[in-house]
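Just follow the structure's listing: the first ligand is 1, and inside any ligand the first atom is 1. What you see is a predicted model, and the numbers here were worked out from it, not measured in a lab.
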Amino acid sequence: MSRANVMAGALGSCVAVGLLAWALVVGAAAASEAAATTEGPGASQTGSPLADAPQTGRAGVRAADAAELPTRMLEDELAGVHGEAQRARIRRGLSQVAARWRPSDGDAAQFARFVREQFAGTQQDQDALFARFERNLEQIFGHGLEVTRQLSVPLHVDEGAIAPYDEMFAAWSPTAHVLDDLFANKLAFVALLNFPLTSLEERTRDGASWSRRQWAGTNLAENFRQRIPAAAAQAVSEASAAAERYIAGYNLWMHHVTDARGRRLFPAGKRLLSHWNLRDEIRASYAAGREGLERQRVIQRAMERIVAQEIPRVVIDNPAVDWNPFTNAVTRSAVNDAPPTFNVPALPPGAVDAAREPDTRYAIWLANFHAQREVDRFSPGQDTLIARIFESERQLPETRVESMLEQVLGAPEVKDIAALISQRLGRPLQPFDIWYTGFRALGDHDEAELDRLVASRYPDAAAFQRDLPQILQSLGFTAQRARYLADHIVVDPARGSGHAWGAALRGAKAHLRTRIEPGGMNYKGYNIAIHEMCHNVEQVFSLNDVEYYSLTGVPNTAFTEALAFTCQHRDLEVLGVAKPDAQAEAMRALDTFWGTYEIAGVALVDMRVWRWMYANPDATAAQLREAVLDIAREVWNRWYAPVFGVRDVTLLAVYSHTINNVLYLPDYPLGHMIAFQIEAQMKKAGDFGAEFERVSRIGTVAPDLWMMQATGAPVGPDALIAAAHEAVASLR
Ligand SMILES: [Zn+2]
């Protein structure tokens, strides 16, 4: 959901952009686009109170410098000038500045002069300072994002060929180095001197009693929490880009991947990217009966070879060889099914070299870890990536996320649904049935018929644009609010599957990028367009109708997605075809629950591997491989083996996100939980439009507080589990 992801086109299915974009950019620590991807999106950042403690140990040189700054003397002096009531504020501000001050920023005398000049001692001065930062940050980041959007139009909007220089324009960002600049000119220090960084613990404990203005003030400071040297940011960026390249090239030519007996089960020319396409092929194969089952077994074996790094290196993205993943034998292929444009690697004469891929997957994972270790050294109070992701970006403690995941994994409904799947399949469950998808159904509607209906209604982007007010009204917005929203959303024809590009400048328009095929929009494109449009709706409300700029947006990515999902499944209703009936609702609950059960295990593996790396910082790639396999088996054996009746499966380690989008996976199960919480609230409230607007305007407060204000309960899986429970009961 970060801007960087859109630029890189890293997320296939859905990307929403713009939520408090200035914070995203600043949160990316002045790094390049790729570094921002690695860091992930963050609407605002929080950290630990330790951030304010004197720095010791790993902080190294900077700690010694900070210790030499005359903070005690200045605290007494400023308290004398502004009054004892200000002492706590003064102390916190001084320590926040001192922890990030470098020798190049000035000596002790210059530090003292800066502090004396910039401390706002009266309420009036603080108000003026706050207002100026609010206005000016909006100018910088709002206009910055507009420039970025304009420069990347040729890449995202379907309007003729892309020139090589278009990519260069799109890769440049006017705000890429803004955090460096704001530290260099000391504006960042002005913010840190006057507004408090707060820990997740403080936000959770005290946040409910804070005023909106207090929340905005602490969000403002959080933009400047991280001051990462350019070299460290660059290292993160490079490690991330290397991971991206590795993952993007990890294809299997399926006509050349055989079953145990050496038979070809897949059509010529089928080239699948690991893990996404491989997983989706497993999903698609449910429709192909016995033959589909054979294919699913082949893919499972191939996946296991990939995670164990037993896959012969020569097999990767190479249609010149045949591979039997059961015996692991590789032979020269007699079939050439690659298109003429594909550059088939030349094989040396003689027997094919069947040497395994030498732990590259784990070496790349480790390289990302090592790059983060450099950032750790400059992250006061958040000296692990785990802390930065969970405390700042996700803003839910790691242990709480873990227990929410385990609540889903251990829910009694799992066994009920597993029995239902087994019954529908007419066979015992196989490990790859974690990707079972048969609960999805279009009902009585023929997709070709829907394609025709959608294409005739929306031959081009302009037709969708004209229909926006109508679509919004059928979702439940009043005519007046629908008009307001439609006036703030511009529909563009997308090159890819589509995304929602929000603005960061109040009054600027959100852009809905939607796929239009030559004959008009098809049903799949329409379904995605409804999802993206609801991102835009949230973006419009959460930017334009929130009282402080520093409060705009939603707490994190999972919330953005959750809000979009509440509209997407009503697409047929909006089209005037059918309202989802009880059966369709039950199917959707089962499908989401099963998907959450699957991804919760994957997320647990991801989280535990990072913990293991921090506990074993000097591990080799081979050691990491063994640890990942052990962790994947442990999670499987605890939560899946009792359901599937098979032990020691390693499939949970196959997700590519673990390599190229570090610690991102927990957002998926959280997103599903949050979606069901919000949806239950919408149903309870009855008025979809008014309720969607109300919750979109809560802004970037801590996730639990947001959810309390939205639904009366903190973030949790209860609504999802309840929906699954009801669905199981309704099908009995
Ligand atoms: Zn989305």
N/O/S from E532 sitting under 2.8 Å away from the Zn ion (ligand 1)
no

Applying ring pair (Phe, Tyr, Trp, His ring centres under 6.0 Å), name anything that partners H672, two or more places apart in sequence or on another chain.
none

If the Zn ion (ligand 1) is the vertex, what is the angle to OE1 of E561 and NE2 of H535, rounded to 10 degrees?
110°

N/O/S atom of H499 inside 2.8 Å of the Zn ion (ligand 1), strictly under:
no

Of all residues at least two apart in sequence or in a different chain, which pass the ring pair (Phe, Tyr, Trp, His ring centres under 6.0 Å) check with F593?
none

How many angstroms lie between CG in D591 and OG1 in T596, if you round to the nearest 0.5 Å?
9.0 Å

Does the distance from a Lys or Arg side-chain N to an Asp or Glu carboxylate O, for E598 and R279, drop under 4.0 Å?
no

